[in-house]
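Note that the coordinates shown come from a computational prediction; the quantities given were computed from them, not determined experimentally. Atoms within each ligand, like the ligands themselves, are counted from 1 in listed order.
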Amino acid sequence: MRQHKLALCKTHFLDWVPEQVERAISKYNMFTHQDQLLVAVSGGKDSLSLWDILQRLGYSADGLYIGLGIDAGVNYSINSLEYARNFAQERNLMLHIVDIQAEYGETIPELAMRTNRGHYKPCSVCGLAKRHVMNRIARQNNYTVLLTGHNLDDEAAILFSNTLNWLGNYLIHQSPVLEADKPGLVRKAKPLCRMYEREMAAYALLRGIHYIQEECPFAEDSTSIYYKGLLNKMESDKPGVKLNFYLSFLRAKRDGLFSPSIDENAELLHTCPECGQPTSAPGLCVFCRMFIQIENHVET
Ligand code: Q46
Ligand code: ZN
């Protein structure tokens, strides 16, 4: 690991990873052993490794798998569910499964086809639906923290994109932990935010974790993958540049570089009359509005 000027054998590497994750959990005050944790698992290496690490660190955490109904000729959702389900069964862990088609009538690509949000690419609808379902399941089952498997490469790519476009509001909200500071929102945390993607791949391999190796077919050609490629080029010339980019951002934020926008406190103070989830403006939330739009589309 040139980025850390460190070389470890298998045994020490498998101890080192959970130590690093525990350090991040406590440094950013993500959660404690008293919290009820829910991990969003996709069947990929990061989320399954995170679940594994939490068990090894003695946290009790349940999983949530959201079936998106993505086939794209490779049975993506069916296969990823298998990996998530097998992982949970082998370790006797509780896994909630929410199937979007069963609950909302259509798969994510079908929903996306009929909205203005994602005619050609379902990612916007998908992100919206995942955020909505994750918060709903966490609230309904009294989980206190919702965890995702975002690693350093994910976070650095998001930061790169937000910085290139100077998206101030996004920069303010990008954080290893998002407090549940608005009624109806569950606290969110990203315990792998300091772990390189390569480190997580090595961890999954060495721990014998079976995970879906293919990315979601819609991730291909995404801007985020392009930015990850650019950052990797810089990383190979200057090991550690990714970690430094992200940690310097967090330090700058902590030191007050970004101040919240004026209407920040007014955000998410309303409750959606349809689903009961928090929303930024009076009336339906974005998720429910999307369904109204789809229904109107069908009628016309
Ligand atoms: S948003 Fe887009 Fe991902 Fe949803 S459709 Fe696939 S690539 S899974 S993180
Ligand atoms: Zn709603």
>> Check Asp52 with Lys45, please: is the shortest side-chain N to carboxylate O separation under 4.0 Å?
In response: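 Looking at Lys45 and Asp52, the cut-off is not met.
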>> I need the contact type for Lys121 against ligand 1. Using non-hydrogen atoms and a strict under-4.0 Å cut-off, is it side chain, backbone, both or neither?
In response: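 The answer is neither.
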> Side-chain contact, heavy-atom cut-off 4.5 Å: Lys130 with Cys126?
Replying inline: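 Counting from C-beta outward, Lys130 and Cys126 do come under 4.5 Å.
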>> Within the 4.5 Å heavy-atom criterion, are Arg91 and Gln55 side-chain neighbours or not?
In response: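 No, their side chains stay 4.5 Å or more apart.
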> Excluding sequence neighbours, so at least two apart, what forms side-chain contact (heavy atoms from CB on, under 4.5 Å) with Ser26?
Replying inline: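 Checked Ser26 against side-chain contact (heavy atoms from CB on, under 4.5 Å); zero matches.
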> Considering residues at least two apart in sequence or located in another chain, which fulfil the salt bridge (charged side-chain N to carboxylate O under 4.0 Å, His left out) criterion with Glu274?
Replying inline: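 With neighbours one apart ignored, the set is empty.
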> Close to atom 6 (Fe) of ligand 1, meaning under 2.8 Å, how many protein N, O or S atoms are there?
Replying inline: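 Total protein N/O/S atoms under 2.8 Å from atom 6 (Fe) of ligand 1: 1.
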> What protein heavy atom is closest to atom 3 (Fe) of ligand 1, reported as residue, atom name and distance in Å?
Replying inline: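 Of the protein heavy atoms, Lys130 NZ, 4.0 Å lies nearest.
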>> Applying ring-ring contact (aromatic ring centres under 6.0 Å, His included) to Phe291 and Phe287, what does each step give before you reach the verdict?
In response: CA-CA 7 Å; Phe291 275 92; Phe287 184 78; 5.2 Å; yes
> What residue pairs, at least two apart or across chains, pass side-chain hydrogen bond (donor to acceptor under 3.5 Å, both in side chains) with a residue in residues 61-77?
Replying inline: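 Output for this query lists Asp62-Tyr143, Tyr65-Ser80.
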